[in-house]
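Presented below is the structure to which this report refers.
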Amino acid sequence: MRAWQLAAPGPADGRGPLVEAVRPPLEPGLGEVLLQVGVCAVCRTDLQLAEGDLDAHRLPIVPGHQAVGRIGAVGAGVDGWAVGDRAGATWLAGADGTCRYCRAGQENLCPQATFHGWDRDGGYAEAMLIRADVAVPIPEAFDDLHAAPLLCGGVIGYRALRLAGVEGGRRLGLYGFGASARLAIQVALAWGCEVAVVSRSPVDLERAEAMGAAWVGRSGERPPWPLDAAVTFAPVGSVVLDALGALAPGGTVVVNAIHLDGIPAFDYGLLWEERVLRSVANVTRRDAREFLALAASRGFVTEPEPLPLAEANEALRRLRAGEVAGAAVLVI
């Protein structure tokens, strides 16, 4: 089995941090399925792990947590999956199911939670093993190439909007307009929100306007009306302060980042009047099911840029350089 794995973190330029490996064939264990990977979308979290911004949980590790393919084998004790079924993997690879977080529907916060491409080998490979209870059915409305980018950026953006209390008629700000934000705006517009987008990229602002944003502005500019909620996608702490400064009393800013360069000290006035600042961490199975159903029913659009698996390092380099207009997707 061919795979591209991370043995040691390194810069995503030059030859890149990933190396090709030939691994023994996989066999699913108790409660597992074998996914014959067709495609795997590339996420900024993959880049942060590969370059060492996030500490490795184990090495070597095969990155990738947005994989789509067909079930090639089913382990003992598995119900609901059969060979040939179409399935996908998200960031969540498992949770203990018994802790107080799992019992409260917050398996994303489980102390024993594991994650594809961080704790368990992911989808930069011809095959991967997935716990059957976290494998995701893929709606027929999407082919593999267009489904893969939904499985992280889409699901985590959906969760961020839920945590922000976004409802129809609310005014929402999106700070940064990469792949995740371009899916989040489709959710917000489907819910009847008025959306403002702030980005340093003129190209992204043009895209946001074309997708239905009511107002767009360059970094540092403030929307013309107070925001009921905002989600920051850029891994830059100063953007969080921009979002807080645009927030109406009682509003919420959700930081959608697993890694941030730090939040500068700020005046308490930005938080006064019951404004809320919170993070979003990981995803749940409920998030994935609800988001994929919504995406299929509303015909959400993704913008995959296919590359062969052998160009996994090139995909990371292009992502780091800001050269990916949509979502890079490795085709196995």
Shortest non-hydrogen contact from [X] to [Y]?
| X | Y | result |
| --- | --- | --- |
| N256 | A160 | ND2-CB, 4.4 Å |
| R58 | D121 | NH2-OD1, 3.0 Å |
| V240 | I263 | CG1-CD1, 4.2 Å |
| A141 | A296 | CB-CB, 4.1 Å |
| R120 | T114 | CD-OG1, 4.3 Å |
| C99 | C110 | SG-SG, 3.8 Å |

Could you measure the distance from the [atom1] atom of [X] to the [atom2] atom of [Y]? Nearest 0.5 Å is fine.
| X | Y | atom1 | atom2 | value |
| --- | --- | --- | --- | --- |
| W118 | D55 | CH2 | CG | 8.0 Å |
| L35 | E126 | CG | CD | 12.5 Å |
| L34 | W81 | CG | CH2 | 13.0 Å |
| D267 | L244 | CG | CG | 11.5 Å |
| L92 | E107 | CG | CD | 5.5 Å |
| E194 | L227 | CD | CG | 10.0 Å |

Would the distance check show the side chain of [X] and the main-chain N or O of [Y] forming a donor-acceptor pair, the cut-off being under 3.5 Å?
| X | Y | answer |
| --- | --- | --- |
| R285 | D133 | yes |
| D228 | R170 | no |
| E32 | G29 | yes |
| R318 | A315 | no |
| H116 | T90 | yes |
| S199 | S201 | yes |
| T302 | H146 | yes |
| Q112 | A95 | no |
| E305 | G326 | yes |
| Q186 | V301 | yes |

Under a 4.0 Å N-O cut-off, is there an ion pair linking [X] with [Y]?
| X | Y | result |
| --- | --- | --- |
| R317 | E314 | yes |
| D287 | R159 | yes |
| R320 | E51 | yes |
| R222 | D242 | no |
| E303 | R207 | yes |

Which word best sums up how the rings of W91 and H65 line up, parallel for under 30°, tilted for 30 to 60°, or perpendicular for over 60°? perpendicular

Do [X] and [Y] land in one hydrophobic cluster if side-chain heavy atoms of ILVMFWY residues count as linked below 4.5 Å?
| X | Y | result |
| --- | --- | --- |
| L161 | Y175 | no |
| L109 | L54 | no |
| M1 | V39 | no |
| Y158 | L189 | yes |
| F233 | V239 | no |

Take V187 and F300 through the side chain to side chain contact (heavy atoms under 4.5 Å, CB included) test and state the conclusion after the steps. CA-CA 8 Å; V187 175; F300 286 0; 3.5 Å; yes

Can you list the steps and then say if R218 with E221 is a salt bridge (charged side-chain N to carboxylate O under 4.0 Å, His left out)? CA-CA 6 Å; R218 298 292 296 270; E221 292 186 298; over 6 Å; no

So, do [X] and [Y] sit near enough that their side-chain heavy atoms are less than 4.5 Å apart?
| X | Y | answer |
| --- | --- | --- |
| L247 | P226 | no |
| V253 | V276 | no |
| P137 | R86 | no |
| V280 | V255 | no |
| V166 | C193 | yes |
| V33 | P28 | no |
| I138 | L151 | yes |
| I332 | Y124 | no |

List the steps and the verdict of side chain to side chain contact (heavy atoms under 4.5 Å, CB included) for V198 and L174. CA-CA 6 Å; V198 179; L174 303 178; over 6 Å; no

Check the pair R182, D204 against side chain to side chain contact (heavy atoms under 4.5 Å, CB included), reporting the backbone distance first and the verdict last. CA-CA 9 Å; R182 289 196 292 275; D204 284 347; 4.1 Å; yes

Where do V254 and L277 land on the side chain to side chain contact (heavy atoms under 4.5 Å, CB included) test, with the steps shown first? CA-CA 6 Å; V254 175; L277 175 61; over 6 Å; no

With a 3.5 Å cut-off and no angle check, do the side chains of Y101 and N108 form a donor-acceptor pair? no

Could you tell me if Q106 and R100 have a donor-acceptor pair between their side chains, going purely by distance under 3.5 Å? no

